[in-house]
> 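Dropping a structure here in structure tokens format, bear with me for questions.
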2 protein chains.
Amino acid sequence: MPPKKYHHGDLKNALIEAGIKILSKEGVGGLSLRKVAKQAGVSHSAPYAHFTDKQSLIAAISTEGFKQLYAELDAAISSNAGDPKQQLMEGAWAYVQFAMNNTDTFKIMFSGALEKEKAYPAFVEISHKTFERVADIVSACQDAGVLRPAPVEIMAVSVWGQLHGIISLILEGQVSHVVLDRFNIQEIVAFAMNQLISDESAA
Amino acid sequence: MPPKKYHHGDLKNALIEAGIKILSKEGVGGLSLRKVAKQAGVSHSAPYAHFTDKQSLIAAISTEGFKQLYAELDAAISSNAGDPKQQLMEGAWAYVQFAMNNTDTFKIMFSGALEKEKAYPAFVEISHKTFERVADIVSACQDAGVLRPAPVEIMAVSVWGQLHGIISLILEGQVSHVVLDRFNIQEIVAFAMNQLISDESAA
DNA sequence: GTCTAAATCTTGACATCGTCAAGATGATAT
DNA sequence: ATATCATCTTGACGATGTCAAGATTTAGAC
């Protein structure tokens, strides 16, 4: 974090953090370039010195979100070294917790507000790295007989998809209270992961 | 479908269909109330006679989408009566196909552009009915030993979450081409469903 | 059939938004 | 010190969501 040094200082990062702040306070719909600029104390078109357009800012925010998600995933893995099953469980819970603690950042990361033809290489890179981290856990679990044998990529997509789908449905309010009153989210996630775990290992 | 009968005729439905059309041609970002109005041949604020605001139109479009999804799910169930496993597989594929054939409608249905405090009772109803349909299949599969014994709701959330997560990740471009080149989407979906199916049944 | 009330639609306006162009200001390198 | 470049401001544009006022058409009461 370089200190103030220029007209404003480190505006680019200030804008990203302002964006994250607005996202958490006003949600995805409340995020505008002008509000971000005002929050950072600059004029409404100052962001254009650092971001080509709004999508570009969103890409930067999403990249930041992925970095944090990656770090928490990594922590879950490290603190359960040698225990693949626990890595899977704790990693899954880390993913879900990240989504719940950063709801709107999480939504924007996967909102498809990005993509199209534009590249955003930093975003693509950290996103792929995150997937590889998931694949690492999956691979370790397969070696330990916790997950069934299968091509790693397709099993990793299953695991990630399972997590992502459950938390997405919950965040969008699609899971009725009838269900959420009976089971807490940690139970649901653990249940879902256990479904993927091979029977011999679960026993 | 009542025929033309008034100033415009059945404007409310015309606006919904115009919205779906714009959605499919220009994507979620291209959907504006004014464009919808123009497409329907009315002035820019005519929609306010039928929808309180943009969210309300989106709710109506989403409701329409859920009705179609429900119908296709229902068809998959009916045409495989007596074979729960096939109902699960075909139902899953129907869900994924709906998402792929109506990408942007699907996205807006789950984009959380809705919810908040507002109710949209028609949307909530069809959405719950859809979940119940999934639960029906799950219950039948459990009875047939295709899915493991467990509370129906939590198993249904797993199944739906698995499907929803996989297709969402794919639609948002989060699944790398390395994976998609090796496996087609039907394979991935079938694999994921098979992971949830109990070992005895799969054998 | 006429009249009134309600539903429907149009016109015009406003604030907000993303974006661009022109210019000002501060930093950097020679 | 000066020239060049990055950074930021001001002002403008069209598009958008929404509201207010009024016009038009339909439906219902008599």
> Evaluate A:Asp10 against A:Asn13 for side-chain hydrogen bond (donor to acceptor under 3.5 Å, both in side chains), listing each step before the verdict.
CA-CA 6 Å; A:Asp10 188 14; A:Asn13 286 319; 2.6 Å; yes
> State which of C:dC17, C:dA13, D:dC8 makes the closest approach to the side chain of B:Arg34.
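Shortest atom-to-atom distance from the side chain points to C:dA13.
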> Apply the test ring-ring contact (aromatic ring centres under 6.0 Å, His included) to residues B:Phe110 and B:Phe66: give CA-CA distance (whole Å), side-chain angles for both, the deciding distance (0.1 Å), then the verdict.
CA-CA 10 Å; B:Phe110 296 98; B:Phe66 260 110; 5.6 Å; yes
> Which nucleotide in the list C:dC20, D:dT18, C:dT8 gets nearest to the side chain of B:Ala49?
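Side chain of B:Ala49 sits closest to C:dT8.
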> Between C:dC9, C:dT19, D:dC8, spot the one nearest the side chain of B:Ala46, thanks.
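Comparing C:dC9, C:dT19, D:dC8 against the side chain of B:Ala46, the answer is C:dC9.
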> Among side-chain atoms of B:Glu72 and B:Gln68, is any donor-acceptor pair under 3.5 angstrom?
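A pair is found: one side chain offers a donor N or O, the other an acceptor, under 3.5 Å apart.
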> Could you check which of C:dC9, D:dC8, D:dA20 has an atom nearest any side-chain atom of B:Ser45?
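Closest of the options to the side chain of B:Ser45: D:dA20.
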> Counting heavy atoms from C-beta on, name the nucleotide in C:dC9, D:dG17, D:dA12 closest to the side chain of B:Leu33.
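Per side-chain heavy atoms of B:Leu33, the pick is D:dG17.
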> Just the rounded figure in Å: distance from P of C:dA22 to NE2 of A:His44.
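Roughly 15 Å, once rounded to whole Å.
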> How would you label the contact of B:Ser32 with the nucleic acid (heavy atoms, under 4.0 Å): base, sugar-phosphate, or nothing?
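Touches sugar-phosphate only.
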> Tell me whether the centres of the aromatic rings in B:Phe123 and B:His128 are closer together than 6.0 Å.
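Not close enough - the centres of the two rings lie 6.0 Å or further apart.
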> Of the nucleotides D:dG17, C:dC9, C:dC20, which has the atom closest to the A:Tyr48 side chain?
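In terms of side-chain proximity for A:Tyr48, the closest of D:dG17, C:dC9, C:dC20 is C:dC20.
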> What contact category does B:Lys38 fall into here, base, sugar-phosphate, or nothing, at under 4.0 angstrom with non-hydrogen atoms?
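No contact.
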